[in-house]
*Asks:* 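Questions regarding the structure given below will be posed in turn.
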Amino acid sequence: MASEPGSRWARRNQAALVVRASVSFFIVLAALLQASDSQETRGDHGFCEIRFQDVNSRFSSPSKILIKGGTVVNAHHKEVADVYIEDGVIVSVRPNIKVDCDVTVLDASGKYVMPGGIDPHTHLAMEFMGTETVDDFFSGQAAALAGGTTMHIDFVIPVNGSLSAGFDSYAKKTRNSVMDYGFHMAITKWDEAVSKEMELMVKEKGINSFKFFMAYKGSLMISDELLLQGLEKCKSLGALAMVHAENGDAVAEGQRKMIDLGITGPEGHALSRPPLLEGEATARAIRLAKFVNTPLYVVHVMSIDAMEEIANAKKSGQRVIGEPVVSGLILDDSWLWDPDFTTAAKYVMSPPIRKAGHDKALQAALSSGVLQLVGTDHCTFNSTQKAFGIDDFRKIPNGVNGIEERMHLIWDLMVETGRISVTDYVRITSTECARIFNIYPRKGAILAGSDADIIVLNPNSTFEISAASHHSRSDTNVYDGRKGKGKVEITISQGRVVWQDGVLRAERGSGRYIEMPPFGYLFDGLGKTDENYLSSLRAPVRRAKSSV
């Protein structure tokens, strides 16, 4: 598993024109363009006037690429400019770049050139509820590339509580990876060994975030005592604490009630864990993080209840990141009442997809900045696996798809409708994730020195999602049949064209592990806050000992 720590960014930026020896694998293998496909004539200016190769023309994988005439969009700015790529790195971004004859030119006129998507929340090859997700680090990443996502961050699950064993297990799972990825680490128990392993993960393994499950009683769930200890440890290491916020004890009671009422189908899943239990756990986690004075990241925010707790915390100045996922922004829970079990079961995830109205509130929170970035919680199980719970919703493996669909659906939902700008789209699908996990501007930007992970999106093209044509191994798709506007027509990953003209080329083993350094921007100034707190205590008070 190749490693390239984020701390090398400074040297990479200075050496943007130099071939990086560490890049030993490439996502795409295809025949180089024939000479007849790139006829050239010598102009008076001394450079080659290359016949443009339209982004819809054919698949190619050169080491030198010029993306010509598109609107380059970053989170802070957009402009019509060219983008020159060499050996996996963006070399230059400016208008009218002249190139030599050995460069392939892609015409992006009238289209947007943007950083590839970064999905902050995925579960590939995850063992869960007695089975394993059908998408591994090959099929899941291949699907991501076809949808315009060029990096994702997956969750490592410890083995018998051991972080090191979990990391080693996932390192083996990624041998067939086809694109860049990073890791979060889950914490499922607490002792001195786990505390020491957290230090190892941060200092040697490139992990800067740890997830605590407040749900899944009897398996992944942790207590408030453990959560407090974990928050303290995260703060000392400069690692971001993440929570799955549901009250696991109350959920277990809700499940028992549904079974007693004879409600055993998928609808029982939503009824057993209502929004108030998500809101309560979110509020509790926020308050504990405030008590410790450390940043908090709330994953898959699915309800108004949880969103409002985040909004209130942010108003008070607390550093809380809220992550909605595509399913919560797009869908409502009506599908869980479908009379066909296979249809209803495919929508079972936790926290559940909520009633209509929650989706609109989450969209508004995303457009206003209360929620900052969009993930997927891609965790796919096929219809056979979902059928494990045909007589008991508690046995339905939790999870839905989204890694391939995210970029298209968010564009259609948020940009096409005018809810957000094009620059905001880049922010919520790529840049903010790179900033939060401390890999910006290596990732999440189209700037000189940044990795050449780029998409070309045609705002006038349409898409249609289908379980029959998606790249996931799942036989179902919760967005099946959805149509929209705004299509990723080309994906460039590690400086190679991997998706073009509906053709995907993904080479097993070409993926790279991206190390993420600690103490990202969310930790800036925390020391001052701690100092102010200590100075405000007016304690201990010196008292004279009273005589007996």
Side-chain angles (χ1 to χ4, degrees), residues 55-56 70-71 73 75 78 108 110-121 143-150 152 300-302 323-332 334-335 347 353-354 356-369 371-378 400-433 454-472 476-491 499 502:
V55 293
N56 292 315
T71 299
V73 186
K78 66 176 181 177
K111 300 168 186 178
Y112 291 112
V113 181
M114 298 183 284
I118 307 175
D119 189 339
H121 190 153
L145 292 174
T149 288
T150 53
H152 71 111
H300 48 43
V301 177
M302 298 293 286
E323 170 211 88
V325 291
V326 179
S327 54
L329 293 163
I330 296 280
L331 304 171
D332 63 61
S334 60
W335 291 101
Y347 293 92
I353 297 166
R354 305 301 186 184
H358 288 270
D359 52 345
K360 296 293 190 294
L362 295 176
Q363 293 165 23
L366 183 62
S367 65
S368 65
L371 303 176
Q372 288 106 313
L373 74 168
V374 180
T376 61
D377 195 8
H378 184 89
V400 301
N401 62 286
I403 200 169
E404 182 172 359
E405 297 81 13
R406 179 182 70 126
M407 299 292 283
H408 290 111
L409 289 172
I410 295 302
W411 178 275
D412 185 64
L413 175 72
M414 301 300 291
V415 182
E416 187 63 26
T417 59
R419 289 185 175 94
I420 62 172
S421 66
V422 179
T423 52
D424 279 339
Y425 174 79
V426 169
R427 176 179 57 81
I428 66 175
T429 60
S430 184
T431 307
E432 190 61 25
C433 183
I454 297 172
I455 61 172
V456 177
L457 185 145
N458 187 341
N460 299 313
S461 287
T462 58
F463 65 86
E464 180 174 0
I465 296 170
S466 170
S469 60
H470 68 197
H471 294 80
S472 167
T476 64
N477 189 311
V478 294
Y479 311 105
D480 198 13
R482 286 186 177 266
K483 300 177 182 179
K485 209 173 176 187
K487 186 176 181 179
V488 175
E489 295 186 336
I490 187 166
T491 303
W499 170 257

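Along the sequence shown, the residues carry numbers beginning at 1.
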*Asks:* Checking Asn458 side chain against Lys111 main chain: does a donor-acceptor pair fall under 3.5 Å?
*Replies:* no
*Asks:* Using modelled atom types and a 3.5 Å cut-off, is there a donor and acceptor pairing between side-chain atoms of Asp412 and backbone atoms of Ile410?
*Replies:* no
*Asks:* Could you list the residues that satisfy side-chain contact (heavy atoms from CB on, under 4.5 Å) with Ser421, not counting sequence neighbours?
*Replies:* Thr423, Asp424
*Asks:* Where do His378 and Gly402 come nearest, in terms of heavy atoms and distance?
*Replies:* ND1-N, 3.0 Å
*Asks:* Can you measure from CE (Met414) to CD1 (Ile428) and round to the nearest 0.5 angstrom?
*Replies:* 5.5 Å
*Asks:* How close do Pro120 and Gly375 get, counting heavy atoms only, and between which atoms?
*Replies:* CD-CA, 3.7 Å
*Asks:* Holding to side-chain contact (heavy atoms from CB on, under 4.5 Å), I want the full list of residues that pass it with Thr491, two or more places apart in sequence or in another chain.
*Replies:* Leu145, Thr150, Ile455, Val488, Val498, Trp499
*Asks:* Could you tell me which residues satisfy side-chain hydrogen bond (donor to acceptor under 3.5 Å, both in side chains) with Asn477, sequence neighbours excluded, listed by chain and number?
*Replies:* Asn401, Glu405, His470
*Asks:* Are Arg482 and Ile330 side-chain neighbours, meaning at least one heavy-atom pair lies under 4.5 Å?
*Replies:* yes
*Asks:* What closest approach, in Å, do Ala467 and Asp480 show between heavy atoms, and which atom pair accounts for it?
*Replies:* N-OD1, 3.1 Å
*Asks:* Hey, could you give me the CG/OG1 distance between Leu457 and Thr71, rounded to the nearest 0.5 Å?
*Replies:* 11.5 Å
*Asks:* Is any side-chain heavy atom of Val73 less than 4.5 Å from a side-chain heavy atom of Tyr425?
*Replies:* no
*Asks:* CD of Glu464 to NE2 of His408: how many Å apart, nearest 0.5 Å?
*Replies:* 12.5 Å
*Asks:* My understanding is that only residues two or more places apart in sequence, or in another chain, count here; which of them pass side-chain hydrogen bond (donor to acceptor under 3.5 Å, both in side chains) with Gln363?
*Replies:* Arg419
*Asks:* Checking Thr149 against Asp119 for the side-chain hydrogen bond (donor to acceptor under 3.5 Å, both in side chains) test, could you report, in this order, the C-alpha distance in whole Å, the side-chain angles of both residues, the deciding distance, and whether it holds?
*Replies:* CA-CA 7 Å; Thr149 288; Asp119 189 339; 5.7 Å; no
*Asks:* Would you say Tyr479 and Val326 make side-chain contact, with heavy atoms under 4.5 Å?
*Replies:* yes
*Asks:* Rounded at 0.5 Å granularity, tell me how far SG in Cys433 sits from NE2 in His152.
*Replies:* 11.5 Å
*Asks:* Looking at residues at least two apart in the chain, or sitting in another chain, which of them share a salt bridge (charged side-chain N to carboxylate O under 4.0 Å, His left out) with Glu432?
*Replies:* Arg435
*Asks:* Would a 4.5 Å heavy-atom cut-off, applied to side chains only, mark Ile420 and Leu366 as touching?
*Replies:* no
*Asks:* Taking only residues two or more places apart in sequence or in another chain, which ones pass side-chain contact (heavy atoms from CB on, under 4.5 Å) with Val325?
*Replies:* His300, Met302, Glu323, Ser327, Met349, Asp377
*Asks:* Please report the closest heavy-atom contact between Gly70 and Val113, naming both atoms and the distance.
*Replies:* CA-CG2, 4.0 Å
*Asks:* What verdict does the ring-ring contact (aromatic ring centres under 6.0 Å, His included) test give for Tyr112 and Trp411, after you've listed the backbone C-alpha separation in whole Å, the side-chain angles of each residue and the deciding distance to 0.1 Å?
*Replies:* CA-CA 12 Å; Tyr112 291 112; Trp411 178 275; 5.6 Å; yes
*Asks:* Using every non-hydrogen atom in the two residues, find where Glu404 and Ala146 come nearest and quote the distance to one decimal.
*Replies:* OE2-CB, 3.7 Å
*Asks:* Taking the side chain as C-beta and beyond, is there a heavy-atom pair between Thr462 and Lys483 under 4.5 Å?
*Replies:* no
*Asks:* Run the side chain to side chain contact (heavy atoms under 4.5 Å, CB included) test on Ser430 and Met114 for me, step by step, so that the C-alpha distance in whole Å, both residues' side-chain angles and the decisive distance to 0.1 Å come before the verdict.
*Replies:* CA-CA 9 Å; Ser430 184; Met114 298 183 284; over 6 Å; no
*Asks:* Determine whether Leu329 and Leu409 make a side-chain contact, defined as any pair of heavy atoms from C-beta on separated by less than 4.5 Å.
*Replies:* no
*Asks:* How many angstroms lie between CE in Met407 and CD1 in Ile118, if you round to the nearest 0.5 Å?
*Replies:* 9.5 Å
*Asks:* Nearest 0.5 angstrom please: Ile353 CD1 to His358 NE2, how far?
*Replies:* 12.5 Å
